[in-house]
Amino acid sequence: MARDMKIIIRMTILAGFFASMQIQAAPVDDARLKTLAWLITNQNGDGSWGTNTGLRMVETASAVEALVNAGVSSGDSFNRAVAWLENYQAASIDSLSRQALALYRAGRDVSGLTARLISYANESTNGNKVSWGAYDHFGGSSLDTALAMDALRQTGANYPDTGFGLSYLFNQQNADGGWPYFKSNVGTPASKVIPTAQTVLTLNRYKSNFSVQSFITNGINWLKTQQKSGGGFGEGATGTVLETTLAYRAIVAEAGTNDTAAVNAQNFLIAQQQANGGYASNNPLVATQVLAALPAATLADTDKDGLPDGVETPVLLGTNPSVADSTLLATKGNGQAVVGTTTALALNQAQLNQPYNAALPSITGVTATAWTLTFGKLPDGLSLNGSSGQVTGTPTVAGTFNFIYQASGAGAVGTATSQIAVVSPSTDTIPVPALPTWAIAVLGLLLSGFLHYRPQPNSTQTR
């Protein structure tokens with residue numbers, strides 16, 4: 001009896017422990033889903049994020065990294081972002097490093113980008129690639145060198161002068177353990193959270209092959225002295241979200257998520273989230289950095305459209321987790337691309353030889369009572385009801401069908417470009433064993449007899 005009681009007590013304690021873990025995890029999960037929803041609905045029509053031309057590269061690369069970290073590596077939003085990144089010519093070391101890393105995370109070949117990144121490095125008198133500055137062969141800085149070396153390490157690029165690059169970072173560290181943005185010949189610039197956090201993160205990538213631990217430890221110790229009472233890091237009385245995300249990532253990489261400073265930083269980040277899911281004046285870079293900082297996750301996606309089920313709720317995106325409808329969210333143009341005008345607005349996907357029913361999307365400013373096709377065609381087997389805007393029928397040909405429709409009512413008229421993709425349903429089939437030759441001959445005779453006695457079709461019927 002005593003032994004059984006001990007077992008019961010232990011199980012009760014364990015149950016309470018796991019319950020407490022779930023309670024702690026819930027705010028993180030909620031913050032992740034809300035940030036994802038905000039990020040997806042604030043994407044530009046061309047696939048990028050942000051409105052500042054100089055920052056869109058960094059914000060978009062950071063977004064791709066954040067999406068992958070949150071378990072999103074497919075779907076319309078992700079694919080458009082990757083396509084935009086692949087067609088961008090990065091100039092700064094910051095942008096090029098982030099571009100290479102983001103595309104690598106997306107499964108793309110980045111050997112050309114990393115080769116260019118190495119070619120931009122500053123050389124020592126003996127020709128070694130030692131440091132990076134803001135642009136090609138600019139004076140070296142702690143942050144740019146750390147970003148470049150981080151990208152090279154994570155992408156597996158061949159950087160033969162790694163030891164020289166690490167030595168540069170070692171020499172940039174201040175006596176207090178932190179790193180400034182760059183050192184000058186006059187005085188000692190103050191240590192800052194962002195270059196220190198990024199350098200610590202980078203050195204962590206190399207700790208298995210190089211003696212970097214003492215530099216990491218000193219950097220972490222300095223970072224922890226910069227934490228505010230509310231858990232934030234950086235400038236001002238409470239710190240900033242951006243600086244806190246980087247400090248949090250650096251501390252977690254070295255000390256784990258249970259470290260007191262990491263726990264307090266995570267609580268600070270969650271508390272800073274706005275009601276709409278964004279952060280800090282709806283800055284995409286801040287939101288993506290928070291999303292990338294949260295623990296990596298694998299989220300369920302029932303319809304495989306790149307939108308996790310958790311964000312396809314009425315409270316967040318309001319889409320259907322059982323229908324591949326992620327393209328319906330691509331609504332922001334920002335002067336780059338307007339879905340329904342310069343790019344097609346895709347309706348729900350149709351299955352070949354299966355009944356289909358979908359409503360044409362409404363057009364802003366038009367209370368429609370009549371719909372007509374003005375260009376292109378619907379898939380074979382489908383038709384448009386001009387009074388309701390419903391597309392119905394059974395598609396008989398697979399393919400992608402683009403068309404333009406007009407909606408009118410109450411004196412207003414509008415047009416939109418749309419698209420319906422018809423795909424063959426993926427069904428499991430039971431393999432049919434091959435028939436012997438004699439059986440095929442018998443079936444042939446039977447079929448021949450059936451056709452011989454079958455009434456012949458008239459000239460208006462199709463054989």
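Values below: every heavy atom of this structure, side chains too, minus hydrogens, waters and symmetry copies. Please read all numbers here as calculations on a predicted model, not as lab measurements.
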Subject >> Asp303 and Asn320: CA distance, side-chain angles, deciding distance, side-chain contact (heavy atoms from CB on, under 4.5 Å) verdict >> reply: CA-CA 9 Å; Asp303 53 19; Asn320 189 339; 5.7 Å; no
**OP:** Would you sort out whether Asn42 and Asn282 count as a side-chain contact (heavy atoms from CB on, under 4.5 Å), showing the intermediate values?
**Re:** CA-CA 9 Å; Asn42 282 273; Asn282 293 321; 5.9 Å; no
**OP:** Could you give me the CA-CA distance, side-chain angles and deciding distance for Asp259 and Glu254, then say whether side-chain contact (heavy atoms from CB on, under 4.5 Å) is met?
**Re:** CA-CA 9 Å; Asp259 182 90; Glu254 177 62 18; over 6 Å; no
Subject >> side-chain hydrogen bond (donor to acceptor under 3.5 Å, both in side chains) between Tyr104 and Gln154, intermediate numbers included >> reply: CA-CA 9 Å; Tyr104 176 78; Gln154 291 197 63; over 6 Å; no
**OP:** Show your working on side-chain contact (heavy atoms from CB on, under 4.5 Å) between Gln99 and Tyr88 and close with a plain yes or no.
**Re:** CA-CA 9 Å; Gln99 181 185 30; Tyr88 187 91; 4.1 Å; yes
**OP:** Take Asn283 and Ser281, measure what side-chain hydrogen bond (donor to acceptor under 3.5 Å, both in side chains) needs, and give me the verdict at the end.
**Re:** CA-CA 5 Å; Asn283 186 325; Ser281 302; over 6 Å; no
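Between the side chain of Asn69 and the backbone N or O of Leu294 there is at least one donor-acceptor pair closer than 3.5 Å. Using a distance-only test at 3.5 Å, with no hydrogens or angles considered, a donor-acceptor pair links the side chain of Ser167 to the main chain of Gly163. No donor-acceptor pair closer than 3.5 Å links the side chain of Tyr248 to the backbone N or O of Asn264. Checking side-chain atoms of Lys228 against main-chain N and O of Gly234 turns up a donor-acceptor pair under 3.5 Å. In this structure, Thr196 contributes its side chain and Lys192 its backbone to a donor-acceptor pair below 3.5 Å. Formation of a donor-acceptor pair under 3.5 Å by the Lys129 side chain with backbone atoms of Thr162 is not found in this model. With hydrogens and angles ignored, the 3.5 Å screen pairs a side-chain donor or acceptor of Arg108 with a backbone N or O of Ala106.
In this structure, Asp161 and Val130 have side chains that are not in contact, with every pair of non-hydrogen atoms separated by 4.5 Å or more. By the 4.5 Å heavy-atom criterion applied to side chains, Gln406 and Trp371 are not counted as neighbours. At a threshold of 4.5 Å between non-hydrogen side-chain atoms, the residues Phe215 and Leu166 do not count as touching. The shortest side-chain heavy-atom distance between Gln289 and Arg249 falls under the 4.5 Å cut-off. The shortest distance between side-chain heavy atoms of Arg56 and Trp84 falls below 4.5 Å. Looking only at side-chain heavy atoms (C-beta outward), Arg32 and Leu299 come within less than 4.5 Å of each other. Taking 4.5 Å as the limit, every side-chain heavy atom of Leu347 sits out of range of all side-chain heavy atoms of Gln419. The closest side-chain heavy-atom distance from Ser214 to Thr217 is not below 4.5 Å.
For the side chain to side chain contact (heavy atoms under 4.5 Å, CB included) criterion with Tyr356, the lone passing option out of Leu378, Val422, Val391 is Val391. With Leu36 as the partner, the side chain to side chain contact (heavy atoms under 4.5 Å, CB included) test is satisfied by one option alone out of Leu317, Leu316, Leu67: Leu67. When Thr199, Thr202, Val200 are each tested for a side chain to side chain contact (heavy atoms under 4.5 Å, CB included) with Ile216, only one passes: Val200. A side chain to side chain contact (heavy atoms under 4.5 Å, CB included) with Leu96 is found for exactly one of Leu101, Leu117, Asp136, namely Leu117.
Remark: the Arg153 side chain and the Asn204 side chain contain no N/O donor-acceptor pair separated by less than 3.5 Å. Inspection of the Asp94 and Ser92 side chains reveals no N or O donor paired with an N or O acceptor under 3.5 Å. When only modelled atom types and interatomic distance are considered, Gln273 and Thr35 share a side-chain donor-acceptor pair under 3.5 Å. One side chain, Asp150 or Gln198, offers a donor N or O that lies under 3.5 Å from an acceptor on the other.
For Tyr135, the OH atom sits in a loose shell: 12 or fewer heavy atoms of surrounding residues, nucleotides or ligands are nearer than 6.0 Å.
The ring pair (Phe, Tyr, Trp, His ring centres under 6.0 Å) check on Tyr120 picks up nothing, with sequence neighbours excluded. In terms of the ring pair (Phe, Tyr, Trp, His ring centres under 6.0 Å) criterion, residue partners of Trp132 (sequence neighbours excluded) are, by chain and number, Tyr159. With sequence neighbours excluded, no residue satisfies ring pair (Phe, Tyr, Trp, His ring centres under 6.0 Å) with Phe401. Thr60 pairs by the side-chain hydrogen bond (donor to acceptor under 3.5 Å, both in side chains) definition with nothing, not counting sequence neighbours. With sequence neighbours left out, the side-chain contact (heavy atoms from CB on, under 4.5 Å) criterion links Glu243 to Val193, Ile194, Glu235, Thr240. With sequence neighbours left out, the ring pair (Phe, Tyr, Trp, His ring centres under 6.0 Å) criterion links Tyr181 to no other residue.
The minimum heavy-atom distance linking Gly140 with Asn122 is given by the pair N-ND2, 3.5 Å. Between Thr257 and Ala262, the closest heavy-atom pair is O-CB, 4.0 Å. Across all their heavy atoms, Pro195 and Pro180 have their closest contact at CB-O, 3.6 Å. Across all non-hydrogen atoms, the minimal contact from Tyr405 to Ile363 is CE1-CD1, 3.9 Å.
Distance check: Asp301 CG to Ser73 OG gives 9.5 Å after rounding to the nearest 0.5 Å. To the nearest 0.5 Å, the span separating CH2 on Trp38 from OH on Tyr279 amounts to 10.5 Å. Note: Asn267 CG to Thr244 OG1 = 12.0 Å, rounded to the nearest 0.5 Å. For the atom pair NZ of Lys34 and CG of Leu291, the computed distance is 13.5 Å after rounding to the nearest 0.5 Å. A distance of 7.0 Å separates CG in Leu152 from OG in Ser97, rounded to the nearest 0.5 Å.
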